[in-house]
Amino acid sequence: MKILTKAATAAVLTASLVVAGLPAKAEGLIRIVEQFGTLYLPLHVIRDQGLIEKYGKAEGLDIKVEWAKLSGGAAINEALLSGNVDVAAAGIGPFLTLWDKTGGSVKIIGALGAQPNYLVTNNPNVKALTDFTAADKIALPAVGVSVQARLLQIAAEKEFGVGNHKQLDGLTITLPHPDATAALLSGSTEITAHISNSPFQEQALASGKVHKVLSSYDILGGPATPTLVYTTIKFRADNPKTYKAFYDAFQEATAWIAANKPAAAETYVRIEKSRLDPAFVLEVLENPEVQYTTVPQRTQVFADFLYRTGAIKTEAKSWTDYTFEELHAQPGS
């Protein structure tokens, strides 16, 4: 798997612009980009168990699977737009931005599960959003566009009133979750808060050096699937067998995690080469707030917010407007 650092990302994306006009190989190749955290566990299982290859053979195909890793929805979207990857995994905020920008030519294949995002801080004086000052810096994967950035805006609007959703944007800084966690725990940088994800938020809280200010479930009114897997309508149309192999693999991996959490925790540690104890990861997976499902939940809260605040120009009448039809019979939102 290619792990693309910030410097490497620019080089890869620049190079990909040269070949973006070239047609992708018809069938039998799929390039997938992921990010950091246990939310991406279905993709880890797919890779670890060779599920795309298995379902490809069922379709009469020998599928070559390429994996890459980036941080932040903006970089993920650039990679998809440039033709450098075929399947992207990022937050609902970046997805909706791209869906709007491309006139609906990208759609969601499925959700990566429902998990809360916590706003955590090492500043003992911060108990609520109103306690942040100009001396604080809030880390998140991509300023302004990541799902964490949009969560902060939705929370700010609730706290400070309509029209004030960007009240705290000036305090945010772009940083991958692993780096943000390390900075927060060190206490030696400007970072005093982090809108995180699992297992990094649990790791930070277990240190005793930070405390939780709020959860995305508080902001959104219940469980939500913050991160989705998506692709272009063109890729799905041009590669129906490859797409089906990925979709079937995605469904199997998600169901397998729900039924095999101890083994899933081991998979996360192995694939991510993580130093975390598998028992700690298992605790994260067994959190009652965590549900592995491919059905989008509360995504339209983001769609409505982004449209109402002018961040996107296209109004989604329903969550089915931006998802592929395989999901439409499910109780999504």
Side-chain angles (χ1 to χ4, degrees), residues 1-6 8-27 29-37 39-40 42-43 46-47 52 63-112 141-142 144-147 149-150 174 176 225-240 242-243 245-247 249-250 294 296 299 302-303 306 311-312 314 316 321-324 327:
M1 181 186 73
K2 295 180 289 185
I3 298 179
L4 305 181
T5 63
K6 183 177 287 188
T9 298
V12 169
L13 294 179
T14 299
S16 69
L17 291 175
V18 178
V19 298
L22 299 177
K25 179 181 177 182
E27 295 282 22
L29 171 66
I30 187 167
R31 300 161 300 170
I32 303 165
V33 61
E34 60 180 339
Q35 299 188 64
F36 300 93
L39 264 174
Y40 300 91
L43 300 180
I46 287 172
R47 176 151 41 113
I52 295 174
I63 298 178
K64 179 181 179 182
V65 185
E66 296 180 358
W67 298 91
K69 181 170 284 187
L70 292 169
S71 178
I76 296 288
N77 283 349
E78 286 183 52
L80 187 63
L81 275 179
S82 70
N84 196 48
V85 300
D86 304 306
V87 173
I92 183 61
F95 164 75
L96 287 168
T97 299
L98 188 62
W99 173 74
D100 178 61
K101 180 179 181 180
T102 62
S105 68
V106 295
K107 288 192 173 185
I108 291 170
I109 302 169
L112 280 166
V145 296
S146 67
V147 65
R150 298 306 189 187
T174 297
T225 52
T227 306
L228 301 305
V229 174
Y230 50 98
T231 189
T232 63
I233 292 174
K234 177 174 172 54
F235 176 79
R236 181 174 180 271
D238 290 350
N239 303 273
T242 304
Y243 176 88
F246 175 80
Y247 180 81
F250 188 20
T294 61
T299 60
F302 290 89
L306 294 179
I312 62 174
T314 308
D321 290 350
Y322 47 79
T323 57
F324 285 116
L327 295 171

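For the pair Ile76 and Pro94, the minimum side-chain heavy-atom distance is 4.5 Å or more.
Side chain of Thr323 to main chain of Ile108: no donor-acceptor pair is present (N/O by atom type, distance under 3.5 Å, no hydrogens or angles). The closest donor-acceptor contact from the side chain of Arg31 to the backbone of Val65 lies at 3.5 Å or more, if one exists at all.
Once rounded to the nearest 0.5 Å, the distance linking CG of Leu98 with CD1 of Ile312 reads 11.5 Å. Atom CG in Leu81 sits 7.5 Å away from atom OG in Ser105 (nearest 0.5 Å). Note: Trp67 CH2 to Ile30 CD1 = 8.0 Å, rounded to the nearest 0.5 Å. Put simply, CZ on Phe250 and OH on Tyr243 are 9.5 Å apart, with the number rounded to the nearest 0.5 Å. Put simply, CH2 on Trp99 and CD1 on Ile92 are 9.5 Å apart, with the number rounded to the nearest 0.5 Å. Rounded to the nearest 0.5 Å, atoms CG (Leu112) and OG1 (Thr227) are 6.5 Å apart.
At a cut-off of 3.5 Å, with distance as the only test, no side-chain donor of Tyr322 or Asp100 sits close to an acceptor on the other residue.
For the side-chain hydrogen bond (donor to acceptor under 3.5 Å, both in side chains) test, no residue two or more places apart in sequence or in another chain qualifies with Thr225. Residues passing the side-chain hydrogen bond (donor to acceptor under 3.5 Å, both in side chains) test with Thr294, sequence neighbours excluded: Gln251.
Closest of all the heavy-atom pairs between Gly73 and Ala142 is N-CB, 4.3 Å. Closest approach of Gly104 to Ile233, counting heavy atoms only: O-CD1, 3.3 Å. Between Thr242 and Glu27, the shortest heavy-atom distance links the atoms OG1-OE1, 2.6 Å. Here the closest non-hydrogen pair linking Gln35 and Gly72 is OE1-N, 2.7 Å. Contact record, Ile52 with Phe246: CD1-CD1, 3.7 Å, taken as the closest heavy-atom pair. Considering all non-hydrogen atoms of both residues, Asp86 and Leu80 come closest at O-CD1, 3.5 Å.
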